[in-house]
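Count residues from 1 along the sequence.
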Amino acid sequence: MTKYAPFLYLILLLPLGSRASEHTDLPEWAAKELDQAHDSLANWVDYSARSLDGLLGTQESLRVENDSYLRITQQASWEESDDPETELNLRFKLDLPTSEERLRLLIESDPEESLGTLAEQGSDRQFSPELSNSNTTIGVDKLTSDDPRRHWNYRLGGGIKLKLPLDTYVRATGERIWALSQSPWELRSYNRLSWFKSDGYSARSHWDLSRPLTDNREFRSYSRLQWQETEDTLEFSQRFEVAQPLSNRSHLRHGVIVIGESLSSPRVEDYYLQSWYRRDIHRGRLFLDLIPELHFDRDSDFEPRWAVTLRLELFLRKSISR
């Protein structure tokens, strides 16, 4: 029971009726404690990033926007026929934006190349089993200033993965957004080619299509292609979902996800039916996710298996966009 203590403790803290405010579900004393802890840690993250940026970049490091963050999550998962599991996960990024000639130094944990196959990533309700402390990278990205709504925006980068022996990498990323005139449709494209010394080449392409259905509902289509030299197969996934806000701090998504491989001879491996409820519990700093789903996989002859994930996420960043 102790491994579920964070969730039970939070439920006990959630206010009833008149105690709720516009920006928080926590009672006043708990909100105050959380704000103090957040401000202390977020200031440390921001100070560390700006100090290192000033050392390697320019004096503008104290004034420009900095995207550094620390994300701490605690999640519990229940799956049919399996024992319950809990996991504590930490993700971070140190953003150093003022280096000369639009070079940006990034230190981040668990880059997308470490997330494993699309089948391992599944429906994204859980963290990939590939995530680990040995996946931290440090590198330099060269940016272009092109507006992705007008031109392709490219980023070239390289660096090392901080594990022994050191693992070098290079990668190129391209992004583009098309908004058709006189049309509600918007198309986003994200593409990356990577090479890691330990894993060889990999390529991934994301195509996201969306449009509003009503004033408070949006249709979204997410198409993914991924190839990794270590797997030597072309994987694909397709997600269709309808998203709607329930309030200014709660959102709900219903989706269907299909995952397969080999476009030349397509073979579907997994289907998912999923709902995802997300609640901003406190001022864009503490979030609660509740994710029930049904999983139909080929190894089980597509017999449905239920799963539920409950997650707390603490987002630490000095400047929070609301």
Inspect the contact between [Y] and [X] and indicate whether a charged nitrogen and a carboxylate oxygen are less than 4.0 angstrom apart.
X: Arg279; Y: Asp289; result: no
X: Arg149; Y: Glu186; result: yes
X: Asp82; Y: Arg305; result: yes
X: Arg311; Y: Glu313; result: no

Pairing donors with acceptors under 3.5 angstrom, does anything connect the side chains of [X] and [Y]?
X: Arg220; Y: Ser210; value: no
X: Ser194; Y: Glu113; value: yes
X: Asn191; Y: His206; value: no
X: Asp199; Y: Thr230; value: no

Would you say the side chain of [Y] lies within less than 4.5 Å of the side chain of [X], judging by non-hydrogen atoms?
X: Ile291; Y: Gln274; value: yes
X: Glu241; Y: Tyr222; value: yes
X: His38; Y: Leu316; value: yes
X: Arg283; Y: Asp35; value: yes
X: His251; Y: Arg253; value: no
X: Leu314; Y: Leu34; value: yes
X: His295; Y: Glu79; value: no
X: Leu312; Y: Thr73; value: no

**Request:** Test His23 against Asp280 for side-chain hydrogen bond (donor to acceptor under 3.5 Å, both in side chains), laying out the working first.
**Result:** CA-CA 8 Å; His23 301 296; Asp280 178 358; over 6 Å; no

**Worked verdict on Gln238 versus Ser223 for side-chain hydrogen bond (donor to acceptor under 3.5 Å, both in side chains)** = CA-CA 5 Å; Gln238 178 64 53; Ser223 303; 2.5 Å; yes

Hey, is the main chain of [Y] close enough, under 3.5 Å, to the side chain of [X] for a donor-acceptor pair?
X: Thr117; Y: Glu120; answer: yes
X: Gln75; Y: Thr86; answer: no
X: Glu229; Y: Tyr201; answer: yes
X: Glu235; Y: Glu261; answer: no

**Prompt:** Leu187: which other cluster members, linking ILVMFWY side chains closer than 4.5 Å, directly or transitively?
**Reply:**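 So far as hydrophobic clustering goes, Leu187 is joined with Trp152, Tyr154, Trp178, Trp185, Trp207, Leu209, Leu213, Phe219, Phe240, Val242.
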
**Prompt:** When rounded to the nearest 0.5 angstrom, what is the spacing between CZ in Arg192 and CD in Glu175?
**Reply:**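 Here the interatomic distance stands at 8.5 Å.
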
**Item:** Any pair counted as salt bridge (Lys or Arg N to Asp or Glu O under 4.0 Å), so long as it reaches residues 200-209, sequence neighbours left out
**Value:**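 Sorted pair list: Glu112-Arg204, Asp208-Arg224.
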
**side-chain contact (heavy atoms from CB on, under 4.5 Å) between Tyr271 and Leu294, intermediate numbers included** = CA-CA 8 Å; Tyr271 297 93; Leu294 288 176; over 6 Å; no

**Request:** List the steps, then state whether side-chain contact (heavy atoms from CB on, under 4.5 Å) holds for Tyr272 with Glu293.
**Result:** CA-CA 7 Å; Tyr272 295 88; Glu293 71 179 25; 3.5 Å; yes

**Asked** Cationic tip of Arg278 within the cone over Phe287's six-membered ring, i.e. under 6.0 Å and within 45° of the normal?
**Response**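 Here Arg278 passes the 6.0 Å and 45° test against Phe287.
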
**Request:** Just do the ring pair (Phe, Tyr, Trp, His ring centres under 6.0 Å) check on Phe196 and Tyr169 with the steps written out, would you?
**Result:** CA-CA 4 Å; Phe196 279 76; Tyr169 75 87; 5.0 Å; yes

**With sequence neighbours excluded, residues passing side chain to side chain donor-acceptor pair (under 3.5 Å) with Arg176** =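 Here no residue qualifies.
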
**Asked** At their closest point, which heavy atom of Ile259 faces which heavy atom of Leu118, and how far apart are they?
**Response**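 Looking at all heavy atoms of both residues, the shortest contact is CD1-O, 3.7 Å.
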
